[in-house]
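Comments concern the structure below.
Side chains included, hydrogens not; waters and symmetry mates left out as well; all remaining heavy atoms used. Counting starts at 1 for both ligands and their atoms, in listed order.
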Amino acid sequence: MRKPVVLITGAGGEIGHGLVTRLSGAGSLIITLDVSPLDATLAPLVTREFTGSITDLALLDRVLAEFEVDRVFHLAALLSTRSEFTPVTAHHVNVEGTLNLLEFAQHQGESHGRPVTFIYPSSIAAFGFPDLDTKSRAGAVTEDQFAHPTTMYGCNKLYCEQLGHYYAHYYKQLSADAIARVDFRAVRFPGLISAMTLPSGGTSDYAPEMIHAAAKGEPYDCFVRPDTTIPFMAMPDGVDALLALAAAPRNRLTRTAYNLSAFNPSAAAVRDVVVAAFPDARIGYTIDAKRQGIVDSWPAAVDDSAARRDWGFNPIYDFERAFREYLIPTIRQRYHRR
Ligand code: AKB
């Protein structure tokens, strides 16, 4: 009999690093799919590594034939800045790739007769404010407010939330013999900050880039104004959230996509704690008007009460603790800087 495995797409990325480590520590059998080979720290933790694209249907068929997948963490995506440079490619990867994975999960579920839990990281990019004034008046937004994204990535994320909802509840609703086999669950992540890896191609990247540059002793030019404010979260809380949502009883879930929030610092507040930790840090500001426009369209805060109520979301790290206990010590150690 085949043993159930967890499939992680985009496993070599920022979230994947933490997730593979946590799941393998808990004894899960993991298979991965990523366009690049996994690095030497992750490769030994997985049962099988597939190198290729989520847009490659033949590759997904091979995975389907060889493994019994009962959970999918679909992390592979082109982030917001990168997607604005190549919107058609972004749509291909972010939307058609997700559609391929949903079909894959449905077929897996049909073949082993159980629902496949499908965890999808959506994003604060699913929101969109028309102007800064509306953003500052809005306060902490609920999932259903201001869902008018202004980026290709945000459109892709919002649509894929809906697509997942369709697969979970309405799949082939007119066919008498079709049973929906995808148990789709999504979180809207804020900007994530990891001590271990740097993001690439995102627009919330200024915060992690500032910290890592200072720790490496390199100068950094922040591309948004000092007053720019969006929600952020420390990576361990992000990984915990994915695992908690995956483990939650289905009947407790009242939504398809959940806001998550931990702390909402301005760029200047991030700079201040980084300079306090690395007094020789050289951090200036060179505003990129277009990337600024994207971040200005994202909320300054989100209301995550549904996640807290339905599945016990409860991040450990607030702003102060994230820097004091996680980011600064781990990053110092990583770059050997006192
Ligand atoms: C990005 O900046 O594109 C991502 C996100 C907020 O989803 N980090």
Side-chain angles (χ1 to χ4, degrees), residues 9-10 12-19 73-87 89-91 93-95 97-98 119-129 135 140-141 143 146-161 186-212 222-225 228-239 241-242 257-267 270 288 290-302 304 307 315 322 327:
T9 70
E14 281 226 285
I15 305 173
H17 264 84
L19 189 62
F73 290 86
H74 173 36
L75 311 179
L78 263 56
L79 297 185
S80 53
T81 290
R82 173 116 184 260
S83 295
E84 285 314 296
F85 285 108
T86 55
T89 306
H91 190 280
V93 173
N94 293 348
V95 174
T98 300
I119 301 297
Y120 181 68
S122 184
S123 161
I124 48 164
F127 296 105
F129 290 108
K135 168 169 171 161
V141 297
E143 289 85 350
F146 300 102
H148 305 293
T150 64
T151 59
M152 173 54 88
Y153 171 74
C155 294
N156 297 164
K157 287 291 181 189
L158 186 61
Y159 172 62
C160 286
E161 292 177 9
V187 290
R188 286 197 189 150
F189 270 137
L192 290 168
I193 313 181
S194 167
M196 309 306 291
T197 49
L198 266 166
S200 86
T203 321
S204 61
D205 294 3
Y206 58 90
E209 283 174 356
M210 212 185 274
I211 308 164
H212 283 259
C222 179
F223 57 81
V224 294
R225 291 184 316 269
T228 305
T229 305
I230 58 168
F232 282 97
M233 178 182 283
M235 187 59 83
D237 280 331
V239 171
L242 294 178
Y258 287 89
N259 280 348
L260 301 180
S261 130
F263 43 88
N264 312 315
S266 64
V270 176
D288 177 325
K290 295 197 170 143
R291 294 180 94 186
Q292 178 75 60
I294 291 178
V295 182
D296 284 346
S297 78
W298 294 348
V302 296
D304 63 1
L327 292 166

Q: Identify the protein heavy atom lying closest to atom 8 (N) of ligand 1, giving its residue, its atom name and the separation to 0.1 Å.
A: Ser204 OG, 2.9 Å
Donor-acceptor check, side chain of [X] to backbone of [Y], threshold 3.5 angstrom: yes or no?
X	Y	answer
Asn94	Tyr153	no
Asp205	Gly202	yes
Thr228	Ala267	no

Q) Charged N to carboxylate O below 4.0 Å: is that the case for Arg291 and Glu84? A)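 No, this pair does not count.
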Q: Report yes if Tyr153 has an N/O atom closer than 3.5 Å to an N/O atom of ligand 1; otherwise report no.
A: yes
Q. Does an N or O anywhere in Trp298 fall below 3.5 Å from an N or O of ligand 1?
A.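 No; the residue has no nitrogen or oxygen that sits under 3.5 Å from a nitrogen or oxygen of the ligand.
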Q.
Checking contacts here: is it the side chain or the backbone of Ala125 that comes within 4.0 Å of ligand 1, counting heavy atoms only? Could be both or neither.
A. neither
Run the numbers for me: atoms of ligand 1, each under 4.0 Å from some heavy atom of [X], listed by number.
X	value
Ser80	1 (C), 2 (O), 3 (O)
Gly202	1 (C), 2 (O), 3 (O)
Thr203	1 (C), 2 (O), 3 (O)
Ser123	5 (C), 6 (C), 7 (O)

Q: Give me the ring orientation class for Phe129 and Phe146: parallel if the planes are under 30° apart, tilted from 30 to 60°, perpendicular past 60°.
A: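 Aromatic pair Phe129/Phe146 classed tilted.
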Q. When you look at Ile230 and Tyr206, which way does the side chain to side chain contact (heavy atoms under 4.5 Å, CB included) test go after all the steps?
A. CA-CA 11 Å; Ile230 58 168; Tyr206 58 90; 3.5 Å; yes
Q. Would the number of heavy atoms belonging to other residues, nucleotides or ligands and lying under 6.0 Å from CZ of Arg225 be above 12?
A. yes
**Q.** Phe189 heavy atom under 4.0 Å from ligand 1
**A.**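 Outside the 4.0 Å threshold, so no.
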